[in-house]
There are 2 protein chains.
Amino acid sequence: MRFSYQRQKIREIVHNTNSHPTADWVYLEVKKSIPNISLGTVYRNLKQLEEFGDVKTIYDGNIARYDWNTDPHNHLKCKNCGDLIDIVISDKAMYPKIKKDFKFSVDRVEMLIIGTCKKHA
Amino acid sequence: MRFSYQRQKIREIVHNTNSHPTADWVYLEVKKSIPNISLGTVYRNLKQLEEFGDVKTIYDGNIARYDWNTDPHNHLKCKNCGDLIDIVISDKAMYPKIKKDFKFSVDRVEMLIIGTCKKHA
DNA sequence: AACAATAATAGGAATGATTACTATTTATAG
DNA sequence: CTATAAATAGTAATCATTCCTATTATTGTT
């Protein structure tokens, strides 16, 4: 993978926001410094960055969001404001039981915890 | 909500399959008995059935699937064949800690457990 | 510095899932 | 039987994402 200014900017933007942005949001953001960048470039680079292990894709309902935090973690989703909050939950404890009951080897657990955040208590 | 033959058939189909079908699969299936049904009718009715509490929508990556099983449960997803297997996991134990650490009230937990099923061990 | 090879881009067209629109049909209360 | 409004079929529109292609830019080699 060789250098590109576009990819560098895209990476920078994802790594400098905690709001789990969509591809479209990243596109609008990167447009500020590279006005004629194309949406396809954003998608292509986000995919490449994911393959490179530099960002992680998370699915929020049926829309993809991107996360700079590639450590295993999950999300709290507020049903009022839609905000996603990072949370680390060790789910390893359930692996043996799933193996035993279903003969299913777990790779990872994607968890979305839906509820109400403190701003809307 | 008044009676419609189409909705009755759609409900019947979802309730008689364990394979967590997509809207398109339901459409192809219901076409067998109602050849000129439209895809829009399928989507509209699946949504109504969900509001009525008769089916549940689950998101598998970025595609919606429908589940007759409306009891709280989660899914194992095989990364080889894509099959979804129902599993009941009591996640209530983590609610108090999330409340304490994040002041976040949990409604429900959507969990997708990715790995390898027994057919591909 | 110039050159060649080819990865990456911009811009736009294409795709796939889903929703919206509208004239017509159908269920049902009176 | 009739009026009213809900539901439908068929189609157009939308939204997120991917694909295509001629052009541009990076990088290893002279």
Side-chain angles (χ1 to χ4, degrees), chain A residues 1-14 17 19-67 75 77 82 84 110 112, chain B residues 1-14 17 19-67 75 77 82 84 110 112:
Chain A
M1 180 161 60
R2 77 187 183 192
F3 174 84
S4 99
Y5 182 61
Q6 287 83 342
R7 186 183 307 118
Q8 179 189 253
K9 267 290 168 195
I10 289 164
R11 183 184 183 285
E12 208 174 277
I13 285 167
V14 175
T17 177
S19 62
H20 307 87
T22 61
D24 200 63
W25 187 91
V26 174
Y27 171 60
L28 294 174
E29 201 62 19
V30 72
K31 250 174 130 69
K32 290 177 186 170
S33 39
I34 312 174
N36 67 334
I37 195 170
S38 82
L39 187 53
T41 297
V42 173
Y43 274 104
R44 183 165 20 79
N45 279 300
L46 285 169
K47 185 167 286 184
Q48 282 180 147
L49 288 169
E50 159 138 68
E51 278 159 17
F52 194 70
D54 231 347
V55 306
K56 197 173 158 185
T57 305
I58 58 184
Y59 288 99
D60 171 17
N62 52 7
I63 182 167
R65 292 180 173 277
Y66 299 88
D67 196 338
H75 299 93
K77 177 177 178 168
L84 294 180
E110 285 177 11
L112 193 60
Chain B
M1 182 161 57
R2 78 186 183 192
F3 175 84
S4 98
Y5 182 60
Q6 287 83 342
R7 185 183 307 119
Q8 180 190 255
K9 268 290 169 195
I10 289 164
R11 183 184 183 285
E12 209 174 277
I13 285 166
V14 175
T17 177
S19 62
H20 307 88
T22 61
D24 201 63
W25 188 91
V26 174
Y27 171 61
L28 294 174
E29 201 62 19
V30 72
K31 250 174 131 67
K32 291 177 185 169
S33 40
I34 312 174
N36 68 334
I37 195 170
S38 82
L39 187 53
T41 298
V42 173
Y43 274 104
R44 183 165 18 80
N45 278 300
L46 285 169
K47 186 168 284 185
Q48 283 180 144
L49 287 169
E50 160 137 68
E51 278 160 17
F52 194 69
D54 230 346
V55 307
K56 197 172 159 184
T57 305
I58 58 184
Y59 289 99
D60 170 16
N62 52 7
I63 183 168
R65 293 180 173 276
Y66 298 88
D67 196 338
H75 299 93
K77 177 176 179 168
L84 294 180
E110 285 178 10
L112 193 61

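In what follows, every chain begins at residue 1, and chains take the letters A, B, ... in the order their sequences are listed.
Remark: the A:K31 side chain and the A:Y27 side chain contain an N/O donor-acceptor pair separated by less than 3.5 Å. The closest side-chain donor-acceptor pair between A:Q6 and A:T41, if any, does not fall under 3.5 angstrom. Judged by distance alone, the side chains of A:D67 and A:H75 do bring a donor and an acceptor atom under 3.5 Å apart.
The side chain of A:Q6 contributes no N or O atom lying less than 4.0 Å from OP1 or OP2 of D:dA25. For B:S38 and D:dG10, the shortest distance from a side-chain N or O to OP1 or OP2 is not below 4.0 Å.
Protein atom CD1 of B:I10 is 13 Å distant from nucleotide atom C1' of D:dA9, rounded to whole Å. In this structure, the CG atom of A:L28 is 14 Å from the C1' atom of D:dA16, given to the nearest Å. In this structure, A:I34 places its CD1 atom 17 Å from P of D:dT24, rounding to the nearest Å. Summarising the geometry, the separation between OH on B:Y27 and P on D:dT8 is reported as 14 Å, rounded to the nearest angstrom. The CE-C1' distance, from B:M1 to D:dA7, rounds to 12 Å in whole Å. Going from atom NZ of A:K31 over to atom P of C:dA10 covers 10 Å, rounded to whole Å. If you take CZ of A:R11 and P of C:dA8, they are 16 Å apart, rounded to a whole angstrom. With rounding to whole Å, A:Y5 atom OH is found 18 Å from C:dA8 atom P.
Across all strands, B:R44 comes closer than 4.0 Å to base atoms (heavy-atom distances).
Considering every non-hydrogen atom in both A:L39 and A:A23, the closest pair reads CD1-O, 4.4 Å. When every heavy atom of B:L112 is checked against every heavy atom of B:K77, the shortest pair comes out as CD1-CB, 4.1 Å.
Note that the CG atom of B:L28 and the OG1 atom of B:T22 stand 8.0 Å from one another [nearest 0.5 Å].
The one candidate from B:K47, B:R11, B:R7 that meets the salt bridge (charged side-chain N to carboxylate O under 4.0 Å, His left out) condition with B:D54 is B:R11.
One donor-acceptor pair, N or O on each side, does fall under 3.5 Å between the base of D:dA25 and the side chain of A:R2.
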Can you name the atoms? Protein N/O to nucleotides 17-20 of chain C N/O, anything below 3.5 Å, with the distance.
| unit_1 | atom_1 | unit_2 | atom_2 | d |
| --- | --- | --- | --- | --- |
| C:dT18 | OP1 | B:A64 | N | 3.2 |
| C:dT18 | OP2 | B:Y43 | OH | 2.4 |
| C:dT18 | O5' | B:Y43 | OH | 3.3 |
| C:dT19 | OP1 | B:K47 | NZ | 3.1 |

